[in-house]
Amino acid sequence: MRISGLELVLCCVLILGFAACQGQAATVGSGDLALTLDDAGQVTALTVSGTNVVGGAEAAPLVTLCDVTKGQEFVAGAPAGGTVAEGLALNFEGLQATATVKCEPFREALQVTCDLKGAEGLPARGMLLRFAFPMDCEGWRWHDDMQTSREIGAGEVFENVRPLRAWADLPEWKDQPDLRMGYSNRNFATVLTGPVGLCLAAPLDRPCIFRTAYDDGAKQLQMVYDFALSPDTATPNAVSFSFLLYSSDPAWGFRAALQRYYDLFPQMFEVYAKEQGMWMAFSPLSQIDNANEFYFGLQEGAREPAYDDKIGVLDCTYFTHAGQFAWIPGYDGEKDPLPPHERLVEVMTETFKKHTGVADMYPRVGLHNSKEELDIRRARVYGDIIAQFNLD
């Protein structure tokens with residue numbers, strides 16, 4: 001049977017249309033890192049410095065969600081349009097929640113952002129949001145910190161977390177130990193090294209409760225967020241999370257990963273001290289052989305200011321209101337309300353004058369503000385907190 005040119009064109013259109021409906025695998029990369037998702041939202045490849053670290057691990061959904069008020073099941077986000085590079089829409093069936101996940105280059109890293117939204121009209125509910133990257137890391141090293149690392153063994157789970165004690169008292173989280181709720185990372189960076197180095201890190205300017213782990217049984221590097229969807233936040237029932245994936249030199253382990261992080265966020269590590277150096281509290285520097293080898297910058301206690309001047313070390317004396325034994329005549333701290341701010345400053349000024357012999361010592365060095373300045377500072381701090389945590 002012969003097919004006409006028009007019929008051939010129509011067949012091609014149908015085939016292409018069917019492929020478009022099925023979706024196509026999408027890859028997004030930055031520097032020497034590339035992440036590939038299939039049309040089901042599963043991670044099928046993660047390439048680091050030319051090595052696909054997925055290896056023999058099974059493809060896994062990038063994003064899964066658990067409503068702890070319903071049980072322990074994690075529901076995979078089903079793609080509902082878009083691409084991971086421009087914003088992949090996900091629907092969590094049965095959980096009345098949707099999300100948009102975007103993976104984009106951030107300097108030499110990949111930045112993953114997830115904006116999650118719950119249905120309106122629901123009460124507050126505890127949630128767990130999990131990101132999973134299939135990786136075969138058996139025989140690699142898991143880094144607890146700059147000094148400590150462990151070889152990844154078969155079937156083991158590696159993490160570096162601390163429990164938050166208050167979490168255990170929340171009623172919806174009782175009797176569900178498998179969910180590991182209420183555990184938070186000790187470090188903002190998670191580092192694995194083998195043939196290549198890979199780091200998963202949280203931005204320091206977006207505080208949240210999260211934990212990471214490498215589960216060799218599941219062959220996955222995981223990031224889990226503990227949070228609640230609440231109708232009482234400024235944007236009701238909505239949260240946003242962000243983290244980074246980037247490569248690092250495996251020979252230098254955690255140190256290399258930290259250096260890459262410093263390079264990614266230089267504004268967070270800007271040094272304002274004009275004269276840098278170590279801090280020594282109370283111990284005389286003259287009793288340390290070759291004290292300059294330790295690069296001291298400050299000696300607290302000012303026990304030997306003349307000697308410290310010779311070796312170029314600054315001196316300071318640390319005062320506290322308790323250490324100065326400041327007290328207000330006629331004031332009973334157990335019964336009376338706190339005196340006005342102006343009275344407190346007045347008493348501290350007189351106490352410092354008495355002990356130091358300098359009339360304006362406290363106004364010059366004291367960490368205090370007027371009531372108006374305190375109100376402005378509080379407003380700024382609270383405003384930052386409200387904006388960060390999406391509170392009303």
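These numbers were taken from a predicted model, which means no experiment stands behind them.
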- Item | Heavy-atom pair with the smallest gap, counting every atom of Pro231 and Ala124 | CD-N, 3.7 Å

- Item | Contacts of Thr351 that satisfy side-chain hydrogen bond (donor to acceptor under 3.5 Å, both in side chains) - sequence neighbours left out | none

- Item | Worked verdict on Phe210 versus Phe241 for ring pair (Phe, Tyr, Trp, His ring centres under 6.0 Å) | CA-CA 10 Å; Phe210 73 93; Phe241 299 110; 9.4 Å; no

- Message: Asp115: which residues meet the side-chain hydrogen bond (donor to acceptor under 3.5 Å, both in side chains) condition with it, sequence neighbours left out?
- Response: Ser240

- Item | Parallel, tilted or perpendicular: rings of Phe243 and Phe131 (30°, 60°) | perpendicular

- Apply the side-chain hydrogen bond (donor to acceptor under 3.5 Å, both in side chains) test between Arg211 and each candidate in Thr190, Asp226, Asn160; give the one that qualifies. Asp226

- Message: Once side-chain hydrogen bond (donor to acceptor under 3.5 Å, both in side chains) is applied, do any residues pair with Gln220, and if so which ones, sequence neighbours excluded?
- Response: Gln222

- Arg260 to Tyr246 - nearest heavy-atom pair and separation: CB-CE1, 3.4 Å

- Task: Assess the pair Tyr261 and Phe188: is the distance between their ring centroids shorter than 6.0 Å?
- Result: yes

- What are the two closest heavy atoms between Cys137 and Leu192, and how far apart are they? SG-CD2, 4.1 Å

- Rounded to the nearest 0.5 Å, how far does SG of Cys66 lie from CD of Glu73? 8.0 Å

- Item | Donor on one side chain, acceptor on other, Arg141 and Thr193, under 3.5 Å | no

- Task: Verify whether one side chain among Asp38 and Thr44 offers a donor that lies under 3.5 Å from an acceptor in the other.
- Result: no

